[in-house]
Amino acid sequence: MSPSEPSNAPRVPKRIAAVLINSLKGGVVPRIGLPYITVGRKTEIAALLHDLDLIADGGASFRFLVGRYGAGKSFLLQTIRTHAMGKGFVVADADLSPERRLQGNGGQGLATYRELIRNLSTKTRPEGGALQLVLDRWVANIEKAPDATAALEAQMAPVEEMVHGFDFARIMRIYYAAAGGDDERRSAVLRWLRGEYRTKTEARQDLGVNVCICDDNWYDYLKLFARFLKGAGYEGMLVLIDELVNLYKIPNSITRQYNYEKILTMYNDTLQGKAHYLGIIMGGTPQSIEDRRRGVYSYEALRSRLSEGRFAREGLSDMLAPVIHLNPLTYEELLVLIEKLADIHAGYFGYERGLGTEDLVRFLEIEFGRVGADTHLTPREVIRDFIELLDILCQNPEMGMEELLGSDQFATVTSGGASVEAEQPGQRSFAEFKI
């Protein structure tokens, strides 16, 4: 291996480095350490950070992030999640699945709400499970006021004006009263807020309220919780929902339409001022959004609101539009990314990085030298291949990089069981790299 150039990369703690390496090699987005490997996406991040300012001022926002599998959609969602927590927001995220939808008669909508609340995260609890922490901070803030009773009523007043606000405020008052030492009562409130009460009868027996969170009303309570968080000392609430493709895959057309109708309700609420201190970002593939037979655009009311106008085109996107299309990372950005990964890998396993810039370019040259790579190769696959390369070189120090890159293992790429032969070296020019 050729000697490496001097690196000014920040030292990554071993715990975070392990999460980064293992997650990326497994093809999933790590939930911590993203600032160490973030490259590109400046315009997209700037647009979404602008939304956070709007939310903190009492407004609301709704965005779609659209990108094909492995293009960095989930990575950008997690990056914004990290930024939002750093700015004092509470973040809730969930991936849709056959069991978790936005609307359903079999508890699928409630399952999504439960997942969001389970993953509730703050700056001091970034891994999720922050519900009780948030409520205890709210109680502590009220206790600091000269007149705690007046402070409590002042915070509940705007909440009570919203749909289901009276019941929500009553639950919050119960938690405040139980904070003095009634642990059983506090646990009951936490169960109620997590959507764990199946029937109104159970809720009435434990808490004296004749209502519980269900498939039909969970989004209303999400809006209430966002409004409540401002009084608890947070900037607002950001909701991240990924894998919209699972709505696209719903076989029953009527059920799909009900789910898209729920998206329309959320979208209209944010734009019409019916939601406050709430931001919603949904991630999906181009097909799950733009397919007019089964995708989001199959619901005409959404298509007419979300589709691009006459002036947007490739390379000239409107980052203030509700739909943000992710462009592929440039070759230069990918080069910076794998250089960061090489530094992290070397630091974690305790060796001096031996891959220089020319070696990294050579790797990308082989990756993108395959037939169809320009349109089918994604950052996820490049990253996975690169970490595998680093692992093999680390375990086999006697093997040179050129020897490995020239082997049959890197001469083909397997996708869905089909093997695509690489082009001959030199067939593609990498003059795009500015090294």
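Quick note: residue numbers are just sequence positions, from 1.
A donor-acceptor contact shorter than 3.5 Å is absent between the side chain of Arg384 and the backbone of Gly27. Side-chain N or O atoms of Arg294 include one that pairs as donor or acceptor with a backbone N or O of Tyr248 at under 3.5 Å. No donor-acceptor pair under 3.5 Å is formed between the side chain of His276 and the backbone N or O of Arg227. The closest donor-acceptor contact from the side chain of Asp220 to the backbone of Ile213 lies at 3.5 Å or more, if one exists at all. A donor-acceptor contact shorter than 3.5 Å is absent between the side chain of Ser23 and the backbone of Leu20. Checked by atom type and distance alone, the side chain of Arg194 never pairs as donor or acceptor with a backbone atom of Ile117 at under 3.5 Å. Of the possible donor and acceptor atoms, none in the side chain of Asp269 sits under 3.5 Å from a partner among the backbone N and O of Lys274. With Asn141 contributing its side chain and Trp138 its backbone, the two residues share no donor-acceptor pair below 3.5 Å. Put simply, the side chain of Asp215 gets close to the backbone of Gly109: a donor and an acceptor are under 3.5 Å apart. With hydrogens and angles ignored, the 3.5 Å screen pairs a side-chain donor or acceptor of Thr112 with a backbone N or O of Arg101.
A 6.0 Å sphere centred on OH of Tyr258 holds no more than 12 heavy atoms belonging to other residues, nucleotides or ligands. Sparse packing is recorded around CZ of Phe166, with 12 or fewer heavy atoms of other residues, nucleotides or ligands lying under 6.0 Å away.
Applying the salt bridge (charged side-chain N to carboxylate O under 4.0 Å, His left out) test to every pair with at least one member in residues 240-265, sequence neighbours left out, gives no pairs at all.
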| task | Just do the side chain to side chain donor-acceptor pair (under 3.5 Å) check on Ser121 and Arg81 with the steps written out, would you? | result | CA-CA 9 Å; Ser121 304; Arg81 175 182 179 273; 3.0 Å; yes
| message | Quick one, Glu115 with Asn119, criterion side chain to side chain donor-acceptor pair (under 3.5 Å). Give me CA distance, side-chain angles, the key distance, then yes/no. | response | CA-CA 6 Å; Glu115 182 73 1; Asn119 291 332; 3.2 Å; yes
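One finds the CG atom of Leu341 at 13.0 Å from the NZ atom of Lys25 (value rounded to the nearest 0.5 Å).
Looking only at side-chain heavy atoms (C-beta outward), Tyr221 and Asp167 come within less than 4.5 Å of each other.
With ring centers used as reference points, Tyr175 lies 6.0 Å or more from Trp192.
Nearest heavy-atom pair across Ala275 and Lys223 is CB-CD, 3.9 Å.
The pair Arg353-Asp343 meets the salt-bridge criterion, with a side-chain N (NZ, NE, NH1 or NH2) lying under 4.0 Å from an Asp/Glu carboxylate O. A salt bridge links Glu160 to Arg173: at least one charged side-chain nitrogen sits closer than 4.0 Å to a carboxylate oxygen.
For the pair Arg137 and Tyr234, the cation sits on the ring face: its NZ or CZ lies under 6.0 Å from the ring centre, inside 45° of the axis.
Put simply, the residue from Arg204, Arg191, Gln205 that forms a side-chain contact (heavy atoms from CB on, under 4.5 Å) with Tyr197 is Arg191.
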